[in-house]
Every structure is written in C-alpha cells, then in structure tokens.
Amino acid sequence: MTIATTGSMNRIINSLPIFLFLFISLFSSPTLAQTPPWVTQTNIYQVFVAKFGGNLQGVQNHLDHLQYLGIKTIWLMPVFKSMSEHGYNTTDYYAIKDSYGNIADLKNLVSAANSKGMKVILDLVMNHAGANHPWFSASDPAQRKDNWFIWSADDKHWQKPWGGGDSWSRDPYAELDRDHNGNAHDDDYFYSVFGATMPDFNYNNPNARKEIIDEFTNVMRFWIKQTGVSGFRCDAARYLAENGPDPSARRDQPATHEIWKQLRANLNAIDPQAILLAEAPTETYAEMLKYYGAGDEFNSAFHFNYQGVLINTLKNERRPGNFFSDLYAIQSHLPPGVQDTLFLSNHDAFTGGRPASQLGGNIAKLKSVAALYLLLSGNPAIYYGEEIGMPGAGSDAAVRQAMNFDLAASQKQDPGSLLNHYTRLLRLRNHYDALRGGITYFAKSAAGGNWDCLACEAGRVALIREYFGEKILVVHNFTSNNQDIRLDLSKTSTGLDIPDGASVHALMGGGDFTAISSANKANYPLGTVFGFTSKILYLGNIPQKYRNAANNYPSYENALTGG
Ligand SMILES: [Ca+2]
Ligand SMILES: [Ca+2]
Ligand SMILES: [Ca+2]
C-alpha cells in the first residue's frame with residue numbers, strides 16, 4: 001500500500017504517535033499506575049509439547065533453554081485428552097493426554113517454570129469439542145449433552161465462516177434422537193466448521209450457552225487451582241456463535257463477544273491476574289480490536305496479518321508503506337491494561353510458514369526480522385524452533401517438526417548464532433523499560449540525502465520506544481548495503497521532546513555518539529549501519545537502576561556475559 005504524501009496527510013499521520021502518547025498518559029500516569037499488568041510487558045514462547053520434549057516432563061527438562069533465552073510466558077498447545085496429536089479435538093477437559101503425563105506433571109512444570117521467572121498458559125478450545133467426547137458420543141443419554149451441539153435434518157451445505165467448504169457433518173450416531181422429539185432422523189447432521197471430529201458447541205441456545213459457559217468456568221478454575229497456570233490462549237475465538245448461513249454471520253458475532261466478556265468476568269473472579277489471549281484472525285483490524293472490548297474482554301490478541309508485514313520487510317529488503325499504519329491500527333486504540341501480541345509464524349501453515357523458509361535460510365535476514373519484532377511495541381510470541389532457524393512451510397506437518405535441541409545446544413556455544421541473537425535481544429528487552437513496555441514512535445531518517453516518511457517505503461526504519469519519558473532509539477537497515485544514516489529527532493519528526501544536551505549511549509552496534517543539541521537535532525549523524533544490522537541507542541543518561549555493581553549496563557554486545 002502506498003499512501004499519498006501530501007503535507008496535510010503527513011501531519012495527520014505524524015500526529016498518530018502523539019495521540020498514542022496522550023491516550024496512554026491519560027490512563028496510566030505514573031502517579032496513578034501501580035505495577036502494570038504483567039500481560040502488558042511479557043514475551044511468549046509457543047510450545048507444541050509432542051514436538052518439544054515429547055511430554056510435560058520433557059518440557060520441564062528443557063526449561064533451561066527457555067530461561068537462557070529470556071522467555072517470560074510459555075504457551076502450551078493443547079495438553080488435555082484429545083483425538084489427535086495437535087489436540088484441538090478435546091475428549092476430556094479435566095485430564096491430561098496420556099502420552100503427555102498427568103496433572104501432577106503439569107503442576108510440577110508450572111512450579112518449575114515459575115521458579116525460573118516464567119508463567120505458563122494453556123490452550124483452551126471452547127468453539128468445539130472432540131467428536132469422541134462423551135458429551136457428544138456417550139451411549140448413555142445422561143452423559144451426553146445433546147443440546148450443547150447444533151443439529152439439522154440434512155446437510156445445509158453452508159460454507160465455512162472463512163469461505164468455501166461445508167460447515168456440516170453427518171452424525172456417526174445417526175440413530176440417536178438428538179433433539180428428543182421422537183424422530184431419530186430429523187437430526188442426523190451437526191454443525192462443525194473444523195470438520196467431523198470437532199462438533200461446534202451450541203452457543204445460540206440460551207440454556208445450552210449458560211451451561212457451557214458454566215462448564216468452561218469450571219475448567220478454568222480447575223486448572224488454575226490444580227496447577228497454578230496463569231491463563232489461557234483461546235482457540236478459534238471468533239467462531240463461538242452463529243447467526244445464519246452467511247459466512248459473515250458465523251464469525252465475530254456480538255453474541256461471541258458477550259460470551260468472552262462473561263468468561264473474562266468469571267476468570268477475574270477466580271484469579272484477577274489470569275489472562276485470556278485470543279486467536280482471532282479477523283478480516284479487518286476494526287474487528288480484531290473488538291476482542292479487547294473496553295478492556296473487559298481479552299487481555300491480548302495475536303496481531304494476525306502483521307506477521308506478513310514483518311516478513312515481507314525482509315523478503316523485499318524494504319519496509320512497506322503500511323508498516324506503521326498496520327501497527328497503529330491496533331496499538332493506538334488499545335484500552336488500558338491490555339497488550340498487542342506480535343508473531344512471525346505459528347503452528348498453522350496458513351500464517352505463512354517458518355521465517356527460515358520464507359526468508360530462504362538467510363541468517364542475516366532472520367536476525368534482522370527478529371530484531372525488528374523483538375524491539376517493537378507489543379509482546380513478541382516466538383514459535384518454538386524459530387530462535388534456531390528451523391525451516392518449515394507449505395503444510396501444517398512441515399511447520400510442526402520436532403524441536404532440534406542438538407542445534408540449540410551447538411548454537412548456544414556460538415556467540416554469533418541466531419539463538420544468541422534472540423537471547424541478546426530478549427535480555428535487553430527484559431532489562432530496559434522502554435524496550436519492554438514502551439510504545440513506538442516513528443523518526444524520519446535519511447540515507448544519501450533521501451528522507452523517508454511515516455507511510456513511505458524504505459530500506460530502513462528509525463523508531464523511538466518511549467516509556468514515561470525514557471527514550472530508546474532503534475534503527476534497522478533492511479538492505480544488504482551499508483547505509484550512512486542521518487536522523488531527524490526534532491519534535492516535528494517524532495512527536496517527542498528530546499532535550500538539548502541529551503547524551504547518547506549505544507546499547508547495540510557500539511560507537512561513541514555526540515550529544516543531541518539544537519544544532520544537530522534535525523539532522524543527527526548516526527553513522528554507518530551495516531547491511532541487515534540494527535543499532536539501539538539510549539537517549540539520555542542511563543539510570544543507576546540499569547547498572548550493575550561495576551556501574552556497567554547491559555548492551556547487545558555484553559548481554560551474554562552479564563554487562
Ligand atoms: Ca439422529
Ligand atoms: Ca429427533
Ligand atoms: Ca461455533
């Protein structure tokens with residue numbers, strides 16, 4: 001997308017970060033705010049248990065890897081009893097899959113993770129059960145919950161909510177009189193947008209809806225009380241309620257938001273610190289924002305589609321014109337106390353495949369795209385194996401290969417490896433408030449005299465992370481060529497007041513920098529940024545709280561040895 005860059009358009013676009021700052025200041029001024037909710041300043045590591053140690057004990061055995069990396073939240077893909085390896089067709093919401101272990105194993109894993117400074121969240125599948133769940137398949141009608149599912153006399157051939165296919169399946173127990181009206185065969189089909197093994201719950205029937213919400217409230221309470229987990233990643237969050245045959249009437253429905261708000265209120269009553277994280281790959285960002293409600297629905301949601309913006313920046317060696325508008329489409333509109341979640345890929349091939357495959361195994365590009373998203377506002381969610389450059393694309397099986405722990409071990413020994421690049425960046429992010437909690441401001445930059453703009457395509461980007469006055473400058477070169485970069489750090493460019501006389505300290509890329517002054521502010525010489533590398537600069541004196549006993553502060557270069 002290319003946005004016309006008239007003067008007035010620039011002013012409108014450049015005012016976005018200012019609006020952002022005012023918005024956040026209003027709701028979370030330092031004098032009012034206590035500790036910010038943990039979900040606003042974390043990072044996430046997505047674990048497919050079967051592929052990451054094989055079972056819960058195996059995950060626990062590899063916690064050192066995650067702690068070394070700097071991970072703060074572990075998302076375990078489904079661990080409940082289910083019909084498949086991926087686990088999204090649950091057969092018992094109160095039991096651990098046999099091959100993964102038992103409830104005590106999960107409790108031990110959560111305790112061990114907590115003791116290493118990491119929280120654990122579980123995958124929760126509330127749109128559908130597994131077709132072998134007794135609620136759907138028990139021969140004893142007292143065990144079945146026929147009114148929890150959606151029945152039809154025939155296949156209505158409705159498209160799936162995302163278009164194409166068929167949303168109905170034939171009941172394997174067609175002899176059952178599912179609607180209890182004396183006719184065994186006017187209910188032989190059930191609604192199931194993810195196929196015959198995953199019957200959708202019936203949130204459209206008020207009685208069933210109340211019962212199902214109560215049941216899932218019990219499920220959440222059970223796992224929080226039994227194991228100490230810190231929340232839930234909610235699968236297929238946009239598909240709960242249906243409102244007719246049109247595909248658009250079976251996604252993002254008002255009733256779906258009402259249900260999540262109820263679940264969130266119920267969860268708050270169980271544990272006010274526990275979170276809900278939405279998988280809601282909506283068609284528009286306006287629909288995505290609705291999953292935050294007024295801060296009373298999800299605590300975070302995956303920023304779907306932005307993974308393509310991030311990857312394409314390195315694929316094309318050029319940031320696209322919508323780089324900031326797509327970021328701000330969510331981040332400038334968030335209610336207080338919640339956070340955006342950015343990611344490069346996940347377990348679903350539809351999100352694009354692993355970065356190593358999308359970027360042709362080019363380590364320099366993989367490092368650059370990692371720096372790009374790990375240093376942006378929003379919590380980064382790392383898919384297991386991404387940090388060591390595992391390949392995989394084209395099919396779900398291809399993106400779900402077993403974690404290569406041998407490769408991880410060898411990369412740990414190499415200070416220049418991709419693993420240690422992730423480690424260095426996450427350690428910086430965890431250490432500096434503005435890199436962890438700050439919002440993102442754009443700063444104009446020039447290479448060879450050509451100044452960019454907020455909505456410009458460019459082979460680089462300069463941005464400032466800001467958190468209650470703390471400012472950290474981040475500059476990326478997305479091209480293979482070295483760029484001699486100058487920055488416009490004036491308020492006109494950035495929307496920020498950077499005081500004259502502010503000293504400048506390298507947190508990545510080294511070098512000595514001249515203090516910011518009225519004479520150089522609008523044309524600040526950053527110097528050479530090498531191809532596919534980044535610079536991080538702290539603007540102002542580095543406070544004592546960031547320094548160790550020897551008065552040193554962590555930088556990218558010393559992050560592995562402690563600063
Ligand atoms: Ca039937
Ligand atoms: Ca019937
Ligand atoms: Ca549904």
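As the structure lists them, so they are numbered: ligands from 1, and atoms in each ligand from 1. Since we're looking at a predicted model, the values are computed, not measured.
- Atom OD1 is the N/O/S atom of D187 found closest to the Ca ion (ligand 1).
- Note on Y191: not counted as a metal contact of the Ca ion (ligand 3), no N/O/S atom lying under 3.0 Å.
- In the model, E386 has a side-chain atom that pairs as donor or acceptor with a side-chain atom of Y422 under 3.5 Å.
- For the Ca ion (ligand 1), the set of nearby N, O or S atoms under 3.0 Å includes none belonging to D186.
- No side-chain donor-acceptor contact under 3.5 Å links Y94 and N218.
- Checked by atom type, the side-chain pair N89/S84 shows a donor-acceptor distance below 3.5 Å.
- Within D177, OD1 is the N, O or S atom that lies nearest to the Ca ion (ligand 2).
- Distances from the Ca ion (ligand 3) show that N127 has an N/O/S atom below 3.0 Å.
- Among heteroatoms of the N, O or S kind in D188, OD1 lies nearest the Ca ion (ligand 1).
- Geometry at the Ca ion (ligand 3): O/L240 and OD2/D200 form an angle of 160°, nearest 10 degrees.
- With 3.5 Å as the limit, one finds no donor-acceptor pair spanning the side chains of Y203 and Q253.
- When distances from the Ca ion (ligand 2) to the N, O or S atoms of D179 are compared, OD1 comes out shortest.
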Practice problem: For ring-ring contact (aromatic ring centres under 6.0 Å, His included), just list the numbers for F149 and F136, CA-CA rounded to whole Å, side-chain angles, deciding distance to a tenth of an Å, and then say yes or no. | Solution: CA-CA 8 Å; F149 301 96; F136 187 85; 5.1 Å; yes

Quiz item: Is there a ring-ring contact (aromatic ring centres under 6.0 Å, His included) between F232 and F216 once you walk through the steps?
Solution: CA-CA 11 Å; F232 302 91; F216 278 101; 9.8 Å; no

